Novice: 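Shown below is the structure under consideration.
These numbers come from a predicted model, not from an experiment. Residue numbers run from 1 in the order of the sequence given.
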Amino acid sequence: MTRVVSIYLPDLATDRIRRADPGIPVEQAVAVIARSGSKRWVSAVDAPARKAGLRVGMPAAKAQALFQGLMMIDADPIADAAALERIALWALTIYSPIVAVDGTDGLVLDTDGADHLQGGEEPMLTRIANQFRAKGLTARVAIADTWGAAHACARAITRETVIVPRGEIVRAVEKLPLSLLRLSPKIVDDLRVLGFQTIGELANTPRAPLALRFGPELGRRIDQMLGRTSEPIEPVRSPEWIEVTRQFAEPIGAAETINKYVGRLVVELVDELQRKGLGVRRTDLIVEKVDGTRQAIRAGTAKPARDVTWLTKLFKDRTEKIEPGFGIERLTLVAVMSEPLEEEQRSSSLVEEQVDDITPLIDILGNRGSRVYRVAPVASDVPERSVQRIAAAAEPTSDTWVHEWKRPVRLLHKPDLIEVMALMPDHPPVWFSWRGKRRRVKCADGPERVYGEWWVRTSELDAVRDYFVVEDDAGERYWIFRCGDGVDAGTGSHKWFLHGIFA
């Protein structure tokens, strides 16, 4: 069953303004003012403005009187629409091959088959909300069986993420207001005059009298929300993307036929890529069915590629997931991400030693949902910061570890508080007691000062001042932190923690 994600951006206008001008203080209240002739009113407000009592629809003069330091900016619907389209294109490359703009303040995604790649629906929604927040965008995310239900839940519930279980649309939307049914404001006002307040009341009313008065739109919206009528999502497209399409006079459905035409589309796509000197990194196959629904398959490569055989194999390995239903009437292949790719001459194995290329293996694992990456060294004496993730097919890095900086090979999950005796506050320990055993320090290296922000796996530590590498009588070496408030009037003003053990 199809699952649809709705992303609601309630503060799109103010978030766009803040992203365009990072110098605006966080506590500064911002209001967007719309005009119609001589009338001016508030069309959007951010969180500080709402906290001050400003609301959408309020006259601009009243808003200015309520908050003297209010930053008032003229509305720009064209810029807001362009920003929303850019966000949709970005979301398409990250989350799903089928993404569309939902009104003027949201996006809709068809995530059928994509949730398992991210550990389930809840981790997927949490990741979406976190990534939008990291980009300075306020977002509420909901998932349901239909576009209408996800749209309504994302706008009705104030939680950041909402999950409507499969088959429970009616229970989730029956008490929601009529304004979330995506009807014109006039129809909603007329329905309220008749006494209707919630979607459930309207859905349980005989359809014929309502259709005579309001037309077929009312019934269509109810059926779409409850899943009785399909509502296809028309994905956004960028004019820079390379796209090839095959339309069928008679619907197809056999697996062999689908694979045959997918292979032909790959040939056409590679020809276009070669003419432009590009290689594809991410390709989407959009399957349009007779009943108006769509299904998508995404294939990615670790490096830019335009090898017909390999790209065809990546799709043929996954076409078994296509459900043709009553038949497929169109196949579209889109190069969503492409990069320059120059022709290169391969030397003979008789002249130079052949290097095994593991890119195909990376592609296979990546398209199965595995996160494939390499680990590269980072110059840091902090073990947690001494490595970083890089792309699996990235070029070899020249960074190396600084061998003069000692790093323990084993870190405790949580640093242990230890008892220490030191001759002077800045001197290394003479002995320490850890896990019930007293150890005499034979030799020590330190102290090494700690600068800037320091991260350790505990909330009990005060400001970390420095650390020591000590060796006991048994030849074991340990990594010890000294923490304190900056008072050097004896060891009693400090706390000592053992955090790591050397090999």
Novice: Gln295 side chain to Glu323 main-chain N or O, any donor-acceptor pair under 3.5 Å?
Specialist: yes
Novice: With distance as the sole test, does Thr146 use its side chain to make a donor-acceptor pair with the main-chain N or O of Gly227 at under 3.5 Å?
Specialist: no
Novice: Inspect the contact between Glu234 and Arg294 and indicate whether a charged nitrogen and a carboxylate oxygen are less than 4.0 angstrom apart.
Specialist: yes
Novice: By ring-ring contact (aromatic ring centres under 6.0 Å, His included), which residues pair with Phe132, not counting sequence neighbours?
Specialist: Trp90
Novice: What pairs with Phe248 under ring-ring contact (aromatic ring centres under 6.0 Å, His included), at least two apart in sequence or on another chain?
Specialist: Tyr261
Novice: Hey, are Arg19 and Asp15 close enough for a salt bridge, meaning a charged N less than 4.0 Å from a carboxylate O?
Specialist: no
Novice: Given Asp11, which of Arg50, Arg18, Arg16 fulfils the salt bridge (charged side-chain N to carboxylate O under 4.0 Å, His left out) condition?
Specialist: Arg50
Novice: I'd like to know if the side chain of Trp41 and the backbone of Gly57 have a donor-acceptor N/O pair within less than 3.5 Å.
Specialist: no
Novice: Find out whether Phe315 and Leu333 are in side-chain contact, i.e. whether some heavy atom of one side chain is under 4.5 Å from a heavy atom of the other.
Specialist: yes
Novice: I want to check something: taking the side chain as every heavy atom from C-beta on, are Val173 and Met225 in contact at a cut-off of under 4.5 Å?
Specialist: yes
Novice: How long is the span from the CE atom in Met71 to the CG atom in Asp46, to the nearest 0.5 Å?
Specialist: 9.5 Å
Novice: Strictly distance-based, threshold 3.5 Å: is any side-chain N or O of Arg281 a donor or acceptor partner for the main-chain N or O of Thr301?
Specialist: yes
Novice: Mind jotting down which residue pairs meet the side-chain hydrogen bond (donor to acceptor under 3.5 Å, both in side chains) criterion with at least one end in residues 246-257? Sequence neighbours excluded, please.
Specialist: Arg246-Glu268, Gln247-Arg330
Novice: Taking only Lys NZ, Arg NE, NH1 and NH2, and the carboxylate oxygens of Asp or Glu, determine whether Arg220 and Glu231 approach each other closer than 4.0 Å.
Specialist: no
Novice: Charged N to carboxylate O under 4.0 angstrom, Lys313 versus Asp317?
Specialist: yes
Novice: Could you check whether Arg221 pairs with Glu217 (Lys NZ or Arg NE/NH1/NH2 to Asp/Glu carboxylate O, under 4.0 Å)?
Specialist: yes
